[in-house]
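Computed from a predicted model, the values in this text were never measured in an experiment.
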Amino acid sequence: MKGTRGERLSGEFQKEISSVISNKLRNKFPELSAIISVTAADVAPDLKSAKIYVSIFDTDEAKSRNSFEIIKNNAGFIRHELAMVMHLRTVPELRFHLDGSMEYGSRIDKILNGLDTENDD
């Protein structure tokens with residue numbers, strides 16, 4: 001969503017969804033990964049749908065995939081919790097997408113740390 005209102009709404013959605021996942025959803029599903037962050041929220045201009053980008057960082061790939069499936073399957077629960085907190089006429093349908101930027105950054109850090117930093121004088 002473009003414009004000041006859209007950016008403000010996207011930021012609020014990002015913050016509130018992160019709060020719902022870290023508190024209420026984690027209480028429901030204690031097997032969720034330790035580090036889950038909502039990296040971006042892209043709300044449609046008509047407030048009918050929203051793309052939510054979630055980054056899950058875990059050492060176990062299977063646990064990370066399981067955590068994403070739990071979040072995806074509970075999109076209705078998260079939407080309901082958002083409706084209780086945000087006072088909007090309509091709360092958009094949430095579509096979650098996996099954001100691999102944390103894994104990508106970690107991989108780049110490992111590559112950079114593995115480079116030989118000795119100078120040949």
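Summarising the geometry, atom NE2 belonging to His80 is positioned 8.0 Å from atom NZ belonging to Lys24; distances are rounded to the nearest 0.5 Å. Distance check, rounded to the nearest 0.5 Å: CG of Leu98 to CD of Glu69 gives 9.5 Å. To the nearest 0.5 angstrom, Thr90 atom OG1 is 8.0 Å from Asp46 atom CG. To the nearest 0.5 Å, atoms CD1 (Ile17) and CD1 (Ile36) are separated by 13.0 Å. Ser67 contributes atom OG, which lies 6.5 Å from atom CG of Asp58 (distance to the nearest 0.5 angstrom).
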Under the criterion side chain to side chain contact (heavy atoms under 4.5 Å, CB included), I'd like the reasoning laid out for Leu47 against Leu9: C-alpha separation, chi angles, the key distance, then a yes or no.
CA-CA 10 Å; Leu47 295 178; Leu9 273 176; 3.9 Å; yes

Checking Asn73 against Phe29 for the side chain to side chain contact (heavy atoms under 4.5 Å, CB included) test, could you report, in this order, the C-alpha distance in whole Å, the side-chain angles of both residues, the deciding distance, and whether it holds?
CA-CA 12 Å; Asn73 293 337; Phe29 298 96; over 6 Å; no

CA sep, side-chain torsions, deciding dist, call: Ile71, Ile52, side chain to side chain contact (heavy atoms under 4.5 Å, CB included):
CA-CA 11 Å; Ile71 291 171; Ile52 310 298; over 6 Å; no

The test is side chain to side chain contact (heavy atoms under 4.5 Å, CB included); show your working for Leu94 and Leu82 and say whether it passes.
CA-CA 10 Å; Leu94 304 176; Leu82 278 178; 4.0 Å; yes

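The two residues Phe96 and Phe68 have their closest heavy-atom pair at O-CZ, 3.7 Å. The two residues Arg79 and Pro92 come nearest to each other via the heavy atoms NE-O, 3.3 Å. A pairwise comparison of heavy atoms in Asp42 and Ser10 identifies CA-OG, 4.4 Å as the closest pair. Counting all heavy atoms, side chain and backbone alike, Arg26 lies closest to Leu32 at NH1-O, 3.5 Å. The minimum heavy-atom distance between Gln14 and Val38, with the atom names listed, is NE2-O, 2.9 Å. Of all the heavy atoms in His97 and Arg95, the pair that sits closest is CD2-O, 3.6 Å.
When hydrophobic clusters are built by joining Ile, Leu, Val, Met, Phe, Trp and Tyr residues whose side-chain heavy atoms come closer than 4.5 Å, directly or via intermediates, Tyr53 is not grouped with Leu25. Ile108 and Leu115 fall within the same hydrophobic cluster, defined by Ile, Leu, Val, Met, Phe, Trp and Tyr side-chain heavy atoms under 4.5 Å apart, directly or through other members.
Sparse packing is recorded around NZ of Lys15, with 12 or fewer heavy atoms of other residues, nucleotides or ligands lying under 6.0 Å away.
In this structure, Lys28 and Asn74 have side chains that are in contact, with non-hydrogen atoms separated by less than 4.5 Å.
Remark: the backbone N or O of Asn23 is paired with a side-chain donor or acceptor of Asn27 at under 3.5 angstrom.
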